[in-house]
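In each ligand, atom 1 is the first atom listed, and ligand 1 is the first ligand listed. Computed from a predicted structure; not experimentally measured.
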Amino acid sequence: MEVFKTISSLAAGHPVAFALWSLVSAFAFQVLQRGYRHRRFYRNLPGPPHSALWGHLKVLGEVSATIPQNSHPQAYYTEIARKYNLKGIFYLDLWPIADSSVVLTDPTLMEEVTVRNPLPQHTMAEAFLSPIIGPNVIATVNGPVWKRLHNAMAPAFSWSHIRTLTAVMVDECALYRAALAKYAKSGEVFSVEELSARLIFDVIGRVVFNFRLHAQTADSPYLNDLRELVNLAHNQTDLVASYNPIARVAKWWKKRKVLGRLHPLILGKIKDRLDLLLNEGITPSRKDPSSILDLMLREHILQSESSGGAKTAKQISLSDTDTQLLLTNIKGLLLGGHGTTTDSLCYILMLLSQAPTALRKMRQEHDDVFGKDFDGTVELLLDTPAKLQDLPYTDAIIKESLRLFPVGFTVREADAGAKLTVQGKRYPIDRHQGVVLNGHDIHYNSGFFPNHTEFRPERWLDSEEGVPRSYFRTFGRGPRACLGQNLAMNELKVILLMIVRDFEFECAGLEPNAKPKTSYTNLDTVFGDIIFQELGIEARPRGGMMMTVKRND
Ligand code: HEM
């Protein structure tokens, strides 16, 4: 009774203080209740040692102390799994600092949630990307919008279309060779990431828009602004910056400026192309698409035609929603398509710089299949692009590099209350919990890849053992697997074919670690901390992959 009396007199005498006190108490109660529920859910599930107070935050802190800052989460997950001998599935309770998750590290289980019963992309992927690119980008959206985008874009990634892009790749790669020749002459240290991004961006530009973006020869405003957006995404993962109001305002302002420049450029291209198609009465073909933009405009033209026969540019204007969808997805493809392939090329060249035998075998394969002469190689390639499929060793080098350095990542979401079954045991899923598919762990598991830290392209050729498809997770699997994987593989092959016989790469300023920093790899005793991929939109090279190049005479 006394308590009630005190409370009523406080409420009457100090109404504002009372209201504040009530709010704070209600908030504190909610936080405590949430925390308790959270810790209780995780306490008996498989995972590292769980604390009633800290959950797994201390474990994460310990592992973070050994891995270089801002490494991609896949490295932490793999290291935690090794340190605590966690196999197949484990849980991480990181409330309230980060999203809690269930981490899958078993190929069969991953096939279950990607191929047999595919789970949708987690909303955290959309939450991460949409402040940078916008909502409804194909890689993160689910449901009918994803279906529509996937269906519209798919023909641009068919083998038949990719082969028609060989001439584009060869043209752009000739400029890349010329830049390498300059660096070979000067002996200068340069960023392979920066140089390669320009090449790959120009190719992606042709796939997306079918016009040249000139990132290699002039300062492309598209590339500069998109890379600025990537840097902003990079900062998004910096916890200190994300709670600092001044940093947040500065970032908002910068983003506003970048988008203010970028959007009119892309919108101009969309409008010009739509006008041209309509004025010339062209409905873009799905069989022989000129670009992804055309494929997406085709949907729009067909829809407008079927709903009333509108034919002219005036009659068919894009709705705000369609314009937004186009804009977002064009940015997404330019960004994702060039970043992932650039990162992959960097790691391939880094690994080759310390693998003379593999390099020699690949050069031999190129000589055998395309002849020794460079001009002859280009001629044959342009004439018979399918010959790229006759380079199994080059293919194996790319796959082995992408095994050691998977640059993409995926987190899925299951309904609260759903269960995952592993060897007859059922594991619960919490509300909004991230279902993390850590392919990196599989790639560094000697049970699946014997001598897993060795760069051994031969493992992909071994006709007896081979590598089951479910073990290679770099492009994901199932309906949400990478749409651009054939394009990326083909492009990487063209680049390697056009450069490796004439140039020799060497990493600059390597600082190998005296002993491995983690228990899953010892590659840092050769290359140093650059092997710890940094968190950006993808798992990117640390430090720009600085190298020198010389001619292989
Ligand atoms: C080596 C280069 C690349 C790697 C390693 C890579 C990796 C990935 C990964 C891991 C995913 C997510 C898979 C999943 O959620 O299960 C993905 C999705 C996607 N990638 Fe790539 N990617 C590469 C290049 C490209 C290129 C060049 C393009 C085209 C411009 C592209 C377009 C896409 C698209 C459209 C999706 C979303 C597919 C969907 O959700 O339907 N990727 N990629």
Side-chain angles (χ1 to χ4, degrees), residues 72 74 104 110-111 113-115 118-122 124-126 129 133 136-143 145-158 161-162 165 169 196-197 199-209 226 291-293 295-296 328-348 395 398-399 401-413 434-440 443 470 472-496 533 537-541:
H72 192 278
Q74 62 189 4
L104 312 188
M110 283 202 206
E111 289 294 274
V113 299
T114 52
V115 180
L119 292 177
Q121 299 291 359
H122 198 284
M124 70 172 77
E126 173 92 358
L129 265 192
I133 304 182
N136 293 331
V137 69
I138 181 171
T140 58
V141 73
N142 292 308
V145 178
W146 170 74
K147 233 181 195 158
R148 185 178 154 204
L149 290 167
H150 193 271
N151 183 45
M153 288 180 197
F157 298 104
S158 68
H161 182 60
I162 289 168
L165 297 169
M169 293 181 191
S196 309
L199 158 68
I200 288 160
F201 192 69
D202 279 345
V203 174
I204 294 293
R206 302 275 281 265
V207 177
V208 173
F209 290 125
L226 281 165
S291 66
I292 293 180
L293 174 60
L295 285 167
M296 291 178 71
T328 305
N329 279 282
I330 284 173
K331 278 186 291 179
L333 287 170
L334 290 173
L335 206 56
H338 102 270
T340 45
T341 316
T342 302
D343 302 342
S344 302
L345 180 60
C346 288
Y347 292 118
I348 295 169
D395 198 74
I398 298 172
K399 285 197 179 127
S401 308
L402 297 188
R403 172 184 75 84
L404 289 166
F405 296 98
V407 301
F409 194 63
T410 184
V411 182
R412 302 295 174 91
E413 187 159 1
V435 180
V436 173
L437 309 188
N438 194 22
H440 185 264
H443 293 181
S470 62
F472 183 51
R473 311 299 314 186
T474 297
F475 291 110
R477 299 253 309 136
R480 298 304 298 254
C482 175
L483 252 185
Q485 56 186 293
N486 294 338
L487 171 69
M489 288 297 286
N490 230 45
E491 188 178 0
L492 289 168
K493 275 191 208 165
V494 171
I495 299 170
L496 292 176
Q533 295 168 263
I537 281 187
E538 12 25 78
R540 62 198 287 205

Discussion item. Checking side chain to side chain donor-acceptor pair (under 3.5 Å) between N142 and each of K147, R480, H122, which is the one that passes?
Written reply: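 Answer to the side chain to side chain donor-acceptor pair (under 3.5 Å) test with N142 among K147, R480, H122: R480.
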
[X] side chain to [Y] main-chain N or O, any donor-acceptor pair under 3.5 Å?
| X | Y | answer |
| --- | --- | --- |
| H338 | A197 | no |
| Q74 | P406 | yes |
| T474 | L402 | yes |
| R412 | V435 | no |
| R473 | S470 | yes |

Worksheet entry | Per-residue contact class, C482 against ligand 1 - non-hydrogen pairs under 4.0 Å | both

Can you pull out the closest protein heavy atom to [atom]? Residue, atom name and distance to 0.1 Å, please.
| atom | answer |
| --- | --- |
| atom 41 (O) of ligand 1 | W146 NE1, 2.7 Å |
| atom 4 (C) of ligand 1 | F475 CE2, 3.4 Å |
| atom 36 (C) of ligand 1 | L483 N, 4.0 Å |
| atom 13 (C) of ligand 1 | R480 O, 3.2 Å |
| atom 32 (C) of ligand 1 | G484 N, 3.7 Å |
| atom 16 (O) of ligand 1 | R412 NH2, 2.8 Å |
| atom 26 (C) of ligand 1 | G337 CA, 3.7 Å |
| atom 23 (C) of ligand 1 | T340 OG1, 3.2 Å |

Fill in: Short side-chain donor-acceptor distance under 3.5 Å, N136 and R148
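R148 vs N136: no donor-acceptor pair found between side chains.
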
Discussion item. L483 vs I138, test: side chain to side chain contact (heavy atoms under 4.5 Å, CB included). Steps then yes/no.
Written reply: CA-CA 10 Å; L483 252 185; I138 181 171; 3.9 Å; yes

Show me which atoms of ligand 1 lie under 4.0 Å from any heavy atom of [X].
| X | answer |
| --- | --- |
| T410 | 14 (C), 15 (O), 16 (O) |
| A139 | 37 (C), 40 (O) |
| G408 | 10 (C) |
| H150 | 41 (O) |
| F157 | 29 (C) |
| T474 | 5 (C), 7 (C), 10 (C) |
| V407 | 5 (C) |
| A481 | 38 (C) |

Discussion item. As a quick check of understanding, evaluate side chain to side chain contact (heavy atoms under 4.5 Å, CB included) for R206 and M169, giving each step before the final call.
Written reply: CA-CA 9 Å; R206 302 275 281 265; M169 293 181 191; over 6 Å; no

Fill in: Beyond-backbone contact of I292 with N329, side-chain heavy atoms, under 4.5 angstrom
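Of all side-chain heavy-atom pairs linking N329 with I292, none is under 4.5 Å.
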
Worksheet item: Looking at ligand 1, does any of its N/O atoms fall within less than 3.5 Å of an N/O of Q121?
Response: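 Indeed, backbone or side chain, Q121 has an N or O that close.
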
Practice prompt. Report the relative orientation of the aromatic rings in W146 and H150; use parallel for angles under 30°, tilted for 30 to 60°, perpendicular for over 60°.
Written response: tilted

Item to complete: Assign the ring pair H72 / F409 to parallel, tilted or perpendicular, where the plane angle (0 to 90°) is split at 30° and 60°.
Response: perpendicular

Fill in: ligand 1 contacted by T114 (non-hydrogen, < 4.0 Å)
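For ligand 1, residue contact (heavy atoms, under 4.0 Å) with T114 is absent.
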
